[in-house]
Amino acid sequence: MHWKFLLTIFVLVYIPAVYCQEPVIVDAILPEVKKIGESGFLNCTVARKGTNIVTWTHVTNQQPLSRDETITLSINKNIDGQPKFEIKKRSSSDGDRITYMLIIRGLREDDAGDYSCTIEIQGKKSQEWPSTIGKLTVQVPPKVLTSLTTTRIESKIGETQVLRCEATGIPRPNITWVRADGDALPNMKFTHRGSVLKLDNIRRTDQGVYRCVADNTVRPPDQYDVQLLVFSRPLVRSVQNTVGQAANGKYSAKLECKISAYPDAVLRWYKKTSQGKMLINDDDKYDIQKLQSSDLNLGETWYYLKVKNIQANDFGDYYCEGSNSQGTESTRIILFETFECQGPNCPSTFNSRGSRLNAILAIIFFFSYCLTFL
Ligand SMILES: *[C@@H]1O[C@H](CO)[C@@H](O)[C@H](O)[C@H]1NC(C)=O
Ligand SMILES: *[C@@H]1O[C@H](CO)[C@@H](O)[C@H](O)[C@H]1NC(C)=O
């Protein structure tokens, strides 16, 4: 009977006492998420450390890093004047708890992974040492892999084309396709998720810039513009299909048209006469120019024809014509007579009246000035 009582005492008093004197890792190590180039901090807090040793190991690389406050790596690089790896020790006010903070500076992709904090207890097998894992995630902003991404596609009408876009980054970026001009994609949706954009039964209007956007929430996102060129007859549109101007006032009129084509179209302007269409040349009477504009679509060109010193015989039908290897198309612009001068370059009646008034005032001033000398 007596030994049973002693055993109970032993179980209740001695075992907890021994166990409680054992060093332990308190609290979990919080996962750390940082961007490439930044510094990561992993905190391992131990209680009742005594003379035992606390170590940090990069488990993923099987690389022992530290023993207590000492970095055991043979090479500890310098990052902006500070060591890449460092241990900072902090004790709680009662001295019972000690935190070994592992600092990893200038984070690179291969610094990511699991780090273990272990208390090496003297006289115990390593399998029995308390150990806890802390996770370090190194975020990398997205980068489009241009070598695996479509840059430019030439297509015939009715064909099917596949546009591809690949990107790296941590976490793995999501890839979204949009049209660079903000229009809807050929499937009438504004965005398409996925690295592959398949375009079926290509139409002339599908020509344009398709933008691949790679995003993984780590700033900044990356993007890449893919050109889709569709072999087609030129698409010719007037900017305004009628233009008015007054005759006999040395006024001019500007007729504008936009041609969208692949391959590039050759432009010609014509005027309808009683003998048929007359080709217009750039000369004293006509000025033919290409306009520069940032909001033109891929393969689109903006032209104008300036008809100078408008006379009665200038009114009528004009044609803007584009032609390439795929064919020829044109659009009509009507130049009609107005009563008053049209457009921004008309002489202002207010200004001419104003300058006449100024001249009269100057003459009056001049004479009154002369009179003072008499
Ligand atoms: C570790 O402790 C330091 C200092 O208290 C703190 O700045 C850092 O955020 C902690 N790291 C983690 C992952 O909790
Ligand atoms: C990708 O998109 C999905 C759905 O919108 C989202 O849940 C996920 O967080 C995104 N992934 C990244 C890395 O941004």
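Values below: every heavy atom of this structure, side chains too, minus hydrogens, waters and symmetry copies. Keep in mind it's a predicted model, so treat the numbers as computed, not measured. Ligands are counted one by one from 1 in listed order, and the atoms in each one are counted from 1 as well.
Using modelled atom types and a 3.5 Å distance limit, the side chains of T328 and E321 yield no donor-acceptor pair. A donor atom on one side chain and an acceptor atom on the other are not found under 3.5 Å apart for N43 and T99.
Counted within 6.0 Å of CZ on R164, heavy atoms from surrounding residues, nucleotides or ligands total 12 or fewer; the atom is thus considered open. Within a 6.0 Å sphere centred on CD of E109, heavy atoms belonging to other residues, nucleotides or ligands number 12 at most.
Heavy atoms of N43 found under 4.0 angstrom from ligand 1 belong exclusively to the side chain.
Close approach of ligand 1 to M101 is summarised as follows: ligand atoms under 4.0 Å from at least one heavy atom of the residue are 1 (C), 2 (O), 3 (C). Short contacts between ligand 1 and L30, defined as distances under 4.0 Å to a heavy atom of the residue, involve ligand atoms 13 (C), 14 (O).
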Side-chain donor-acceptor contacts of residues 248-257 below 3.5 Å, not counting sequence neighbours, with atom names and distances?
from: E256; atom 1: OE1; to: W302; atom 2: NE1; distance (Å): 3.0

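When ring centroids are compared, Y262 and F231 come within the 6.0 Å threshold.
Cation-pi geometry between K277 and Y319 is met: under 6.0 angstrom from the ring centre, within 45 degrees of the axis.
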In a simple table, one pair per line, please give the protein and ligand 2 atom names for every N or O pair closer than 3.5 Å, along with the distance.
from: ligand 2; atom 1: 2 (O); to: N174; atom 2: ND2; distance (Å): 2.2
from: ligand 2; atom 1: 2 (O); to: R193; atom 2: NH1; distance (Å): 3.4
from: ligand 2; atom 1: 2 (O); to: R193; atom 2: NH2; distance (Å): 3.3
from: ligand 2; atom 1: 11 (N); to: N174; atom 2: ND2; distance (Å): 2.9

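Among the atoms of L42, none of the N or O lies under 3.5 angstrom from an N or O of ligand 1.
At a threshold of 4.5 Å between side-chain heavy atoms, the hydrophobic network of Ile, Leu, Val, Met, Phe, Trp and Tyr places Y286 and L267 in one connected group.
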